[in-house]
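Shown next, in structure tokens, is the structure this report addresses.
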Amino acid sequence: VYTIVGLLMCCGQLKHARFGKAVHGRAMRKITLVSSSLILSNALMDMYAKCGEMEIAVKVFDRIGERDDISWNIIIAGFASSGELDLACRFFDKAPRRDLISWNSLLAGYARQGDLTMVAKLSEGMLANNVRPDRVTAIALVSAAAMIGEFNQGRCIHGRVLKAFGIHDVILGSALIDMYCKCGSIDRSFVIFNNIFNKDVTLWTTMITGLAFHGFGNRALELFSRMQEEGLMPN
RNA sequence: UUUUCGAAUUA
């Protein structure tokens with residue numbers, strides 16, 4: 001079971017549906033495994049969801065007798081990240097329980113479409129249901145604001161995030177840098193950039209492209225060399 | 001052992 005779950009995770013990451021189906025087939029032959037493991041069924045559904053095969057994922061979902069919160073979340077997240085938000089909402093509403101991950105999955109889906117009003121509605125909704133937003137929630141809010149590109153909305157969201165978290169990790173930092181670049185404030189981006197300790201390639205790239213986009217080609221190149229001096233490989 | 005989060009790149 002451990003091996004099969006591991007293989008399914010790999011197929012999901014690689015979006016390799018053909019190999020995933022082969023693993024599925026082999027798992028089915030071992031009748032003892034099939035009905036016994038909820039984790040295995042969940043890993044299967046997630047593999048299909050990540051490969052963009054939501055029809056099959058739902059088929060598995062319907063077929064299994066026992067479901068937990070993770071099963072529901074996998075389907076919600078699958079539809080949300082393929083942009084089928086109506087279906088994501090349908091399962092979200094039907095689910096017996098909605099936890100932090102359910103809310104975050106839906107939020108991320110709307111954030112990707114730049115639907116800031118829906119994002120706002122959902123984050124109110126989670127508060128009303130006594131679900132505490134976390135840094136993933138914050139990232140969804142910030143990246144939605146980045147797509148809108150409205151400086152005041154962006155700053156307002158940054159303010160709320162600051163209040164809740166104070167210090168930023170790399171991912172939240174990248175999202176904020178990107179947001180300020182797209183809202184027209186290179187300076188604020190740079191302040192955040194300088195305050196992040198473990199810069200990774202994505203964070204550098206976010207800052208570099210922001211500079212380039214605003215016509216600071218020379219400063220972008222300068223950062224590009226500095227990144228390599230600090231031992232990071234450009235990709 | 002399974003579910004949610006950041007940049008750029010193609011059509």
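Per chain, numbering begins at 1; letters A, B, ... match sequence-line order. Computed from heavy atoms alone, side chains included, the values below leave out hydrogens, waters and symmetry copies.
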Considering only [options], which nucleotide approaches the side chain of [X] most closely?
X	options	value
A/Thr209	B/rG6, B/rA7, B/rU4	B/rA7
A/Ile101	B/rG6, B/rU3, B/rU2	B/rU3
A/Lys182	B/rA8, B/rC5, B/rU2	B/rA8
A/Lys50	B/rG6, B/rA7, B/rU4	B/rU4

In whole angstrom, what separates [X]'s [atom1] from [N]'s [atom2]?
X	N	atom1	atom2	answer
A/Leu172	B/rG6	CG	P	12 Å
A/Ile70	B/rU2	CD1	P	9 Å
A/Leu211	B/rA7	CG	C1'	13 Å
A/Asp46	B/rU2	CG	P	10 Å
A/Leu203	B/rC5	CG	P	19 Å
A/Leu232	B/rA8	CG	P	19 Å
A/Ile208	B/rA7	CD1	P	15 Å
A/Leu176	B/rA7	CG	P	12 Å

Tell me whether A/Asn129 contacts the main-chain N or O of A/Val131 through its side chain, where contact means a donor paired with an acceptor under 3.5 Å. no
Examine distances only and state if a side-chain atom of A/Ser189 and a backbone atom of A/Cys181 form a donor-acceptor pair shorter than 3.5 Å. yes
What nucleic acid atoms does [X] come within less than 4.0 Å of, heavy atoms only: base, sugar-phosphate, or nothing?
X	answer
A/Ser174	base
A/Asp69	nothing
A/Met207	nothing
A/Ile75	nothing

In residues 120-153 of chain A, what residues come within less than 4.0 Å of RNA chain B, judged by heavy atoms?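 Nucleic-acid contacts, sorted: A/Arg135, A/Val136, A/Ile139.
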Could you check whether A/Trp72 and A/Phe92 have their ring centres less than 6.0 Å apart? no
Which of parallel (below 30°), tilted (30 to 60°) and perpendicular (above 60°) describes A/Phe193 and A/Phe190? tilted
